[in-house]
Amino acid sequence: MVRAMELLDDSDDFDGVPLSQRAIAARPAPYLEGLNAAQRAAVETLDGPVLMLAGAGTGKTRALTTRIAHLLVQGRAWPSQILAVTFTNKAAREMKDRIGRLLGESVEGLPWLGTFHSISVKILRRHAELIGNGDLHLKPSFTILDTDDQIRLLKQLIQAENLDEKRWPARQLAHLIDGWKNRCLTPANLPKGEDATFDGWGGRLYQAYQNRLLTLNAVDFGDLLMHCVTLFQAHPDVLKSWQDRFRYILVDEYQDTNVAQYMWLRLLAQAHRNICCVGDDDQSIYGWRGAEVGNILRFEKDFPGAQVIRLEQNYRSTPEILAAASGLIAANAGRLGKTLWTDAESGEKVRLIGHWDGEAEARWIGEEIEAFQGGHRASMGPVSLNDIAILVRASHQMRAFEDRFMTIGLPYRVIGGPRFYERQEIRDAMAYFRLVVSPDDDLAFERIVNTPKRGLGDKAVKTIQSAARNNGVSLLEGARIVVEDKQLGGKGLANLRDFVTGIARWQVDALNSAASHVELAERILDESGYTAMWQNDKSPDAPGRLDNLKELVKALEEFENLQGFLEHVALVMDRDKDEAGEEVSIMTLHGAKGLEFPIVFLPGWEDGLFPNQRAMDENGTKGVEEERRLAYVGLTRAERMATITFAGNRRLYGQWQSAMPSRFIDELPPEHVEVLTPPGLYGGGYGAAMAHAGGAPAAGMQERAARADVYNSPGWKRMQARAAERKTPIPRATVTIDADPAAGFSVGDKVVHAKFGQGQVMGIAEGTLTVQFEAGFKNIKASYVRPAGDDQDVPF
DNA sequence: ACTCCGGGGGTTTTT
DNA sequence: CCCCCGGAGT
């Protein structure tokens, strides 16, 4: 984990802990052992540009970290002379850990191993004054706005221009501006035509936004990179100093770089050209947020004489999985081309199975997992739930699995829910800290001045704003003036006075280091009434929010002071997963990149869902190719078994929709795929079997689905053909739906629900129970609860 | 200042 | 179908 002090460290460092020459002599590079020839070349080719094309599971991270270790041990560079960039903090952390393990304890810090963004911050803080126009420029203490702040700011600007927020949504403008920043287009160099987007307001609002950011002494994420690039371009001396410092540059996931990152790298690398980029064009899945696969395809042109090293031996998957994935990705044009191979033992084929609808799909996967868990698949040996992942295309697919797993009591974890720091309570608390640390932070002020409710609504805020504007001061200062001049009514005034004096008091405390910042944070939350606000909140999620706040305060312990913490959070913070018991992982395909699991389920392979309709509509063939890469990423996550499933019908936005199996299914090499037969297919064909599947869609729907082209795709036909060949049917699982699922319950029964806990049945209607839980009344399908044991008391 | 209702929109996600 | 936002109404 990146420590605050690393981010804040402003010393010109040739510190770190270099290995002494003596230590090097005594160390015969044991870390090189076990590398294959290509990996070894990737580690030892230190001079000049290198492109490491590393297929999935080929030991890319190992090669990269070993290369860094090698640079250090060979004495080619001090730790502070190596620039290593990643996209995520997780990746950066992992690399640090692994380098540490390679070299023992000897290397304390690699100060310039981090994300593009965190490294840009460090650079920008040293040259903040050079960023800006005219009188407006950044100060080294600039704050970093997240997406939420960004949108609120844009909203204000749109309002200021008297534009209709409905016709020009701030979100859309934010997207537009992000796109420009991704391509390093400042308001001044927006190409003609681009600035006319947003009905001619695009360029103008963009300029206004940039100015506003400067006056707030703030930057957004896109600025971090764009400002660095413009800084380097406008100040050759500054660029030179950084070029001299970074003697070796390494880049992870190069296929995901956008134009701004590409320019950033090019500028830094162009002098010595010691740049090593690692990537896999087949795993480029972030085109929709500005990544340019072109960057990796063009590498050899950009850096003439570049050595291209291909890592092609896969250490992760069985030959079957690898062959299926390779066959699939072969359908893409314009690849750099790699041939992955493995000498791993043969395993099971990739399994393919179709279901009537999304519910059946979830039910079947749940049963499969239970079978693994119970050891009913001897070929797989003992399987931990931690070894199993379900990778979906879109997060709304997760719900069916959550519902099902909740019902059958299968522990699962959803990876990639709302991030910790994006939660309301965390953002509120941080706004308090921000305001204490930087009194000029107007956005923070606006966020919390009436949170908790202090009777300071729109009108009060307007008064404060005009007081601030008239005096040319921050909102906090404006509020102080309002209090002094008694520009507000009784209760609001008193509350505002308390608020202002509170902030002032905490500011004093923050400066004198007598009390720890952790205690201070607690006091801020308590004395402001923020904690009390949630304590008094009766909603079921209030306790969780209080827990989050506790967690937040606890996280502070790791830092020197509040500033350090805020900096960290703005760039780095991600929830630390408390690894509880064994759980199945549910996540999106995007979220799964870089991970691996012995057993992987890939549901929802239907045209329109995957490949996603919108991706196809908006980007045509390019869109399909990116989707195909996503499929490739999904398959290559699997070590021992991959199972692809699709459903003929799915409820989307309340509408039942039928779909054809994904075109990607047709593209899988048949010899590596085993087609399973879904339970219920036996006797009477698919449609007929579904007619009594329970909870089925309306009759018209079934008819339509039965007639639909589902059966005409090659994949489906293949599947049917194989199903017919099969001798022993897969045992049909007992479906839990009886004639009347509510039959077993009567009013007054005590029941238990996986999520809501204990409750009491208050009403019954057609399979649905109305149950009073601690969290309140819920209408719940009878199959989701079980009777509570007699010894258990319902607590109300 | 708070609550309720209607309309719109609903891939993917990091920093 | 469900969630979020904004406006109107109390």
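The structure displayed is predicted, hence computed values, not measured ones. Because only heavy atoms are used, hydrogens play no part in the values below, and waters and symmetry mates are left out as well, while side chains stay in. Every chain is numbered from 1, with letters handed out A, B, ... down the list of sequences.
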Let's see if you can work this out: which of [options] has an atom nearest to the side-chain heavy atoms of [X]?
X        : options                : value
A/Ala394 : B/dT15, B/dT12, B/dT13 : B/dT12
A/Thr88  : B/dT12, B/dT14, B/dT11 : B/dT14
A/Glu618 : B/dT15, B/dT12, B/dT11 : B/dT11

Checklist entry - With no hydrogens and no angle check, do the side chains of A/Gln156 and A/Glu446 hold a donor and an acceptor under 3.5 Å apart? => result yes
Checklist outcome for this item: Contacts of A/Lys453 and A/Arg614 projected onto DNA chain B by closest heavy atom; the upstream (5') one is A/Lys453
Checklist entry - Of A/Leu630 and A/Asp458, whose closest DNA chain B nucleotide lies nearer the 5' terminus? => result A/Asp458
Have a look at [X] and say if it touches a base, only the backbone sugar-phosphate, or nothing, with a 4.0 Å heavy-atom cut-off.
X        : value
A/Leu456 : sugar-phosphate
A/Asp220 : nothing
A/Glu627 : base
A/Ser395 : sugar-phosphate
A/Tyr653 : base
A/Gly455 : sugar-phosphate

Checklist entry - Can a side chain N or O of A/Thr115 be found less than 4.0 Å away from OP1 or OP2 on B/dT14? => result no
Checklist entry - Within less than 4.0 Å of OP1 or OP2 of B/dT15, is there a side-chain N or O belonging to A/Asn89? => result yes
Checklist entry - Using 30° and 60° as the class limits, which term best fits the ring planes of A/Tyr286 and A/Trp288: parallel, tilted or perpendicular? => result tilted
Atom [atom1] of [X] to atom [atom2] of [N]: distance rounded to whole Å?
X        : N      : atom1 : atom2 : value
A/Asn612 : B/dG10 : CG    : C1'   : 12 Å
A/Arg152 : C/dC5  : CZ    : C1'   : 15 Å
A/Asp148 : C/dC4  : CG    : C1'   : 13 Å
A/Ile144 : B/dT14 : CD1   : P     : 17 Å
A/Leu609 : B/dG10 : CG    : C1'   : 14 Å
A/Lys155 : C/dC4  : NZ    : P     : 13 Å
A/Gln657 : B/dG10 : CD    : C1'   : 12 Å
A/Gln159 : C/dG7  : CD    : P     : 9 Å

Next on the checklist: For A/Asp280 versus A/Gln255, what's the shortest heavy-atom pair and its separation?
Outcome noted: N-OE1, 3.1 Å
Checklist outcome for this item: Here the pair of heavy atoms bringing A/Ile415 nearest to A/Met398 is O-CE, 4.2 Å
Item to check | Trace of the salt bridge (Lys or Arg N to Asp or Glu O under 4.0 Å) decision for A/Glu359 with A/Arg404 | outcome: CA-CA 8 Å; A/Glu359 238 177 87; A/Arg404 183 66 197 159; over 6 Å; no
Item to check | Aromatic ring of A/Trp288 stacked on base six-ring of B/dT12, 5.5 Å, 30° | outcome: yes
Next on the checklist: Are A/Trp242 and A/Trp264 an aromatic pair, judged by ring center distance below 6.0 Å?
Outcome noted: no
Next on the checklist: Quick check: any donor-acceptor pair below 3.5 Å linking the side-chain of A/Arg393 to the base of B/dT12?
Outcome noted: yes
Item to check | In B/dT12, glycosidic geometry as syn within 90° of 0 or anti otherwise | outcome: anti
